[in-house]
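Just below is one structure, and these are the notes that go with it.
Reckoned from all heavy atoms, side chains included, excluding hydrogens, waters and symmetry mates. As the structure is a computational prediction, the values presented were derived from the model and not from experiment.
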There are 2 protein chains.
Amino acid sequence: MTDAPPETADIRIEDFLCFAVYSAGHAFNRVYRRPLERLGVTYPQFLVLVALWGEDGVSVGRLGEALSLDSNTLTPLLKRLEAMGFLTRRRSHEDERRVVVALTDKGRAAKGEAGDVMRCVFDAVGLPAPQFARLTGELRALRASLERAAAAA
Amino acid sequence: MTDAPPETADIRIEDFLCFAVYSAGHAFNRVYRRPLERLGVTYPQFLVLVALWGEDGVSVGRLGEALSLDSNTLTPLLKRLEAMGFLTRRRSHEDERRVVVALTDKGRAAKGEAGDVMRCVFDAVGLPAPQFARLTGELRALRASLERAAAAA
DNA sequence: GGCGATCAAATCGCACACGATTGAAACCGC
DNA sequence: GCGGTTTCAATCGTGTGCGATTTGATCGCC
């Protein structure tokens with residue numbers, strides 16, 4: 001009936017799933033901030049690097065697909081990462097519309113430092129691996145539902 | 001070991017809990033956008049209204065505590081809601097440092113329209129109420145862990 | 001081969017988030 | 001009471017997100 005349990009007459013924002021997701025996201029951002037300072041990148045920039053460590057040499061669009069972001073967000077972010085020397089942006093030859101994003105040596109090397117960062121965050125989460133994976137899966141399903149609904153509208 | 005399942009040699013951002021939370025948050029934002037257009041507010045502004053429907057006449061600090069936001073984010077947001085006539089901001093008489101935020105008639109009336117909005121979103125989530133509540137609780141616990149870790153650092 | 005539709009990235013404008021700083025009010029120990 | 005500390009909100013600068021639009025390249029249909 002509502003985003004909160006349906007019967008709540010008195011509204012408590014803590015019972016809203018959307019708020020739980022919203023505030024957990026901010027909390028992640030805050031936990032990542034400190035360890036990422038050593039790398040010199042922001043949390044969204046770090047996510048872009050993670051995506052590229054998984055699949056390098058992709059177009060802006062493909063990257064946006066992986067991250068659920070559009071070029072209006074990615075273009076300036078990628079320009080900052082390029083200015084810092086983590087990656088390069090080059091027009092594709094086969095299709096001049098596309099811009100191919102590729103890690104530099106520095107960008108690949110950062111993967112090593114990232115281990116420490118992720119160890120930090122894993123400790124902060126403090127969840128055993130199975131529950132960790134289950135929660136991740138449930139959120140992925142939630143996102144899929146929401147995206148389906150947003151596309152239908 | 002990492003934010004992803006520890007053994008993954010090939011990195012997949014989809015396996016990161018932080019990313020699952022991050023992208024689910026964006027998905028919520030996108031689902032809320034359309035229904036909230038009729039109300040004329042953004043998703044964060046809506047969350048402020050939800051918080052005030054639960055507890056009206058509170059200071060900026062108290063509101064920030066409920067929403068995990070600071071005055072640097074809330075002040076401009078509250079000014080916009082005030083300009084739109086949803087609430088008032090007045091210096092407290094007992095303590096001149098505080099600014100008390102209170103809903104106007106329009107702000108209270110919006111609670112009626114919000115029912116439709118939340119029905120929309122609940123359908124988009126498509127989860128039975130018990131799982132809904134459980135997931136909310138798990139995320140609340142996750143946030144608490146992350147905030148504890150961030151405070152310790 | 002030519003032209004409208006489509007597609008990819010960039011650009012623009014606005015609204016969050018948040019670290020850092022500022023300024024004013026209240027508190028506190030003496 | 002009075003000066004230092006703490007608290008509260010506001011301000012500033014930077015970096016996302018995202019709707020809307022623009023620019024340029026490709027595709028499709030003839």
Side-chain angles (χ1 to χ4, degrees), chain A residues 19 21-34 36-37 40-49 58-65 67-84 89-101 147 150 153, chain B residues 19 21-34 36-37 40-49 58-65 67-84 89-101 146-147 150-151 153:
Chain A
F19 175 72
V21 172
Y22 170 87
S23 59
H26 290 166
F28 260 124
N29 193 328
R30 288 190 277 267
V31 167
Y32 267 109
R33 188 173 301 270
R34 285 315 182 92
L36 286 179
E37 269 173 13
V41 299
T42 66
Y43 175 50
Q45 288 166 6
F46 176 71
L47 290 178
V48 167
L49 290 179
V58 294
S59 69
V60 172
R62 177 101 187 77
L63 202 52
E65 199 179 323
L67 295 166
S68 287
L69 293 174
D70 209 342
S71 65
N72 48 10
T73 298
L74 281 176
T75 296
L77 197 157
L78 292 170
K79 282 185 179 177
R80 282 181 206 108
L81 286 172
E82 185 181 35
M84 289 187 280
R89 295 161 57 247
R90 291 193 318 284
R91 285 276 160 194
S92 162
H93 285 301
E94 307 104 55
D95 187 340
E96 289 282 338
R97 288 173 305 181
R98 287 164 183 268
V99 167
V100 174
V101 180
E147 283 175 350
Chain B
F19 175 71
V21 173
Y22 170 88
S23 59
H26 289 167
F28 259 124
N29 194 324
R30 287 190 278 266
V31 167
Y32 267 109
R33 187 172 302 268
R34 283 319 182 90
L36 286 179
E37 269 173 13
V41 299
T42 66
Y43 174 51
Q45 287 166 8
F46 177 71
L47 290 178
V48 167
L49 290 179
V58 295
S59 70
V60 172
R62 176 100 189 78
L63 203 51
E65 198 179 325
L67 296 167
S68 287
L69 293 173
D70 209 344
S71 65
N72 47 11
T73 298
L74 280 176
T75 296
L77 196 158
L78 291 171
K79 283 184 177 175
R80 281 180 209 109
L81 284 172
E82 185 181 33
M84 290 187 280
R89 296 163 55 249
R90 290 194 316 285
R91 287 275 160 195
S92 162
H93 286 300
E94 307 104 54
D95 186 341
E96 288 284 337
R97 291 172 303 181
R98 289 166 183 265
V99 167
V100 174
V101 180
L146 292 171
E147 281 175 352

> What are the bounds, 5' to 3', of the part of DNA chain C that sits under 4.0 Å from heavy atoms of chain B?
Replying inline: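 From 5' to 3', the first and last contacting nucleotides are dA15(C) to dA26(C).
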Can you check whether [X] reaches [Y] side chain to side chain, under 4.5 Å on heavy atoms?
X	Y	value
S68(A)	Y22(B)	no
L81(B)	V101(B)	no
T42(A)	L77(A)	no
L69(B)	H26(A)	yes

> K79(A) NZ to dG15(D) P: how many Å, rounded?
Replying inline: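 Rounding to the nearest Å, NZ of K79(A) and P of dG15(D) are 14 Å apart.
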> Roughly, in whole Å, what's the span from CG in L67(A) to P in dC18(D)?
Replying inline: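 Atom CG in L67(A) sits about 11 Å away from atom P in dC18(D).
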> N29(A) or L74(A): which one's nearest nucleotide on DNA chain C is closer to the 5' end?
Replying inline: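 The 5'-side residue here is L74(A).
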> Where each residue is assigned the nucleotide of DNA chain C containing its nearest heavy atom, which of V60(A) and T42(B) is assigned the position nearer the 5′ end?
Replying inline: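 Per heavy-atom nearest nucleotide, the more 5' residue is V60(A).
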> 5'-most contact on DNA chain D: L78(B) or Y22(B), nearest heavy atom basis?
Replying inline: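 Upstream on the strand: L78(B).
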Just to be sure I understand the rule, does [X] reach a base, reach only the sugar-phosphate, or reach nothing, if contact means heavy atoms closer than 4.0 Å?
X	value
L77(B)	sugar-phosphate
R80(A)	base
L69(B)	sugar-phosphate
R62(B)	nothing
T73(A)	base

> Would you find a donor on one side and an acceptor on the other, under 3.5 Å apart, between the side chain of R90(B) and the backbone of V99(B)?
Replying inline: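 Looks like no, no N/O pair under 3.5 Å.
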> Quick check: does any side chain N or O of D70(B) sit under 3.5 Å from a backbone N or O of N72(B), one acting as donor and the other as acceptor?
Replying inline: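 Judged by distance alone, no pair lies under 3.5 Å.
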>> Quick check for you: to the nearest 0.5 Å, what is the distance between S92(B) atom OG and R98(B) atom CZ?
In response: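 Spacing of OG (S92(B)) from CZ (R98(B)) equals 7.0 Å.
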> At what distance, to the nearest 0.5 angstrom, does CG of L74(B) lie from NZ of K79(B)?
Replying inline: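 Answer for the CG-NZ pair, L74(B) versus K79(B), is 12.5 Å.
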Less than 4.0 angstrom between a side-chain N/O of [X] and OP1 or OP2 of [N], yes or no?
X	N	answer
R33(B)	dG19(D)	yes
R30(B)	dC18(D)	yes
Q45(A)	dG15(D)	no

> Is the Y32(B) ring parallel, tilted or perpendicular to the F46(B) ring (thresholds 30°, 60°)?
Replying inline: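 Aromatic pair Y32(B)/F46(B) classed tilted.
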Under 3.5 Å, which protein N or O atoms sit close to an N or O of nucleotides 20-29 of chain D? Give each pair with its distance.
unit_1, atom_1, unit_2, atom_2, d
dT26(D), OP1, E96(A), N, 3.0

